[in-house]
Amino acid sequence: MITDIPTRFGLAISHGQISIFDIAHPDFPSWDGEHVAQGFAWRPGHVSFGLPDCETATVELTTGVFASSNMTGRLIKVPLANTSGRIVIASVLAEREAYLHPGLYQLEFGILDECASAPRVCVSFCLSANPVFEIVRQGVEMTVAQPIRFDSFSA
Amino acid sequence: MSVNPTDLAIRQMQDRKPAQLSAPQPELIGPAVLLLRRSGLLDSLAQGLAAEHVRLAQALSQSSDVGSVPPTITTGRIAPLLERSASAAANVNSAPSAPAANDRAALPRAGFAGAMTAAAEYASNRGHEALLSRDLQHLRGQGVSLDPTQALDRAILEEYSRSRGPSELRRLVSGMDADEATLIAKQRLEVFAAPASPSGSVPEDGRCAAVVGVSAGLSPLTAKHMIDAQSQGHPADVTLDRSGAAQRRALALAGVERRIGMDRDEYPPATFIEGGAGASIRYIPPGDNRSAGAQIRNQMRNLPDGCAVRLNVVP
């Protein structure tokens with residue numbers, strides 16, 4: 001269960017990305033063309049998802065249930081290890097911190113409308129013993145059907 | 001899955017590299033750069049390095065094996081420059097012998113530091129030439145013809161690949177023309193010649209001040225936008241103000257249409273008071289721009305609003 005954070009909030013966006021990370025791994029990753037193609041840059045404890053160029057986004061958080069059925073844009077699944085119990089949802093410009101029970105999560109990231117000037121982003125956390133990397137549905141700028149890079153380094 | 005030829009070449013180069021070439025010696029970097037600056041060789045050496053870097057990189061990108069790098073690649077223009085610096089560098093004792101703390105701080109940006117170290121060693125210590133010769137002999141044994149300064153370029157590529165990863169090297173060499181490389185090489189020289197200010201440093205008066213750098217290696221087009229905008233009069237010295245960032249970004253981008261597959265990069269960035277309406281806007285490919293945003297974010301994470309920030313380009 002997520003506490004100390006609204007389950008829906010606005011986030012100012014720049015540089016086309018939203019990062020979700022264990023607070024112990026705060027550094028944003030460097031991106032290359034393959035990361036752009038798959039829609040995310042990942043390393044243990046930190047994942048940054050690409051967004052179409054926009055100025056703000058509305059972020060909706062859920063736990064224990066995926067919101068896949070509502071999504072029309074990209075839908076991506078990645079593992080996220082949360083060892084500290086504190087996670088951060090952040091852009092380059094702003095961030096929100098929340099408490100989330102420590103554990104290994106299947107993180108699902110989706111965009112409701114890829115072409116909106118202020119896209120609605122859904123983020124779901126489900127505890128999972130065997131989380132996977134999966135591109136369920138591609139979005140704008142994404143050119144690969146399945147993840148190809150499982151590494152990134154601090155920018 | 002097919003392996004990119006450049007990745008393969010770099011991997012093979014790393015397998016063959018002599019340890020001596022890739023071990024930066026911090027005590028030589030500061031003096032070497034100072035001497036190069038004093039001797040007036042900064043620009044010409046930068047241009048020579050850049051040209052040779054591009055030439056070698058292009059050859060590598062077209063080759064599946066470093067052993068097949070065309071022997072016609074020569075570094076005739078740069079070798080004399082290094083020779084001319086040798087006489088100055090031979091008098092290295094006249095330069096500051098102890099490295100400044102700032103030089104040490106710059107060492108993690110080892111790409112060019114490693115090259116400068118090698119240059120200093122090459123110029124001031126003929127023993128190093130023997131090391132290079134040994135390396136070259138090894139390569140010649142495999143039918144490759146390289147001269148010492150090509151080995152220097154090779155060291156740059158190796159350092160870059162090791163510190164940033166092969167894919168970043170591939171991106172650098174595939175997306176750079178000679179002008180950009182020259183610019184970057186000059187900046188690298190100047191960065192290491194200038195006293196570095198660690199991010200988040202606080203002067204004695206207690207006012208927060210910091211230097212935030214965007215890497216020309218990781219984000220060449222965003223870095224170039226920064227340089228161009230500053231040369232057009234946009235400020236390098238800015239003030240952090242996260243609270244007004246969203247509004248300023250909206251003002252800066254008003255009337256600037258979105259383009260699929262590109263990011264709109266603004267300078268000064270909206271997170272600073274100086275951003276907003278009138279900012280310079282340029283379309284930048286997402287990977288380049290996202291890496292730049294990540295760098296800025298990482299360096300400013302612990303800085304308070306109101307902090308005075310100098311934005312610059314780093315290697």
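To find a chain, count down the sequence lines: A is the first, B the second, and so on, and within it residues start at 1.
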>> Is R301(B) close to chain A through its backbone or its side chain, or both, or neither, when contacts mean heavy atoms under 4.5 Å?
In response: side chain

> Under a 4.5 Å heavy-atom cut-off, does chain B meet the side chain of S91(A), its backbone, both or neither?
Replying inline: backbone

> Who wins among R249(B), E266(B), Q247(B) for the most heavy-atom pairs under 4.5 Å with chain A?
Replying inline: R249(B)

> Do any N or O atoms from the side chain of S30(A) and from the backbone of S291(B) form a donor-acceptor pair under 3.5 angstrom?
Replying inline: no

> Do NZ/NE/NH1/NH2 and the carboxylate oxygens of R248(B) and E55(A) come within less than 4.0 Å?
Replying inline: no

>> Please identify, among I13(A), T56(A), D151(A), the residue contributing the most non-hydrogen atom pairs under 4.5 Å to chain B.
In response: I13(A)

> chain B: which of S152(A), P52(A), G50(A) shares the most heavy-atom pairs with it under 4.5 Å?
Replying inline: G50(A)

> Between A292(B) and H15(A), what is the shortest heavy-atom contact and its length?
Replying inline: C-CD2, 4.4 Å

> Can you tell me if R290(B) uses its side chain to pair, donor with acceptor, with the backbone of L51(A) under 3.5 Å?
Replying inline: yes

> Hey, which of S117(A), A12(A), A37(A), P26(A) has the most heavy atom pairs under 4.5 Å with chain B?
Replying inline: P26(A)

> Between R242(B) and L93(A), does a side chain to side chain contact (heavy atoms under 4.5 Å, CB included) hold up when you go through it step by step?
Replying inline: CA-CA 7 Å; R242(B) 297 180 181 87; L93(A) 299 177; over 6 Å; no

> In terms of side-chain geometry, is the basic nitrogen of R258(B) or D53(A) positioned less than 4.0 Å from the acidic oxygen of its partner?
Replying inline: no

>> Between D27(A) (side chain only) and N298(B) (backbone N and O only), is there a donor and an acceptor less than 3.5 Å apart?
In response: no

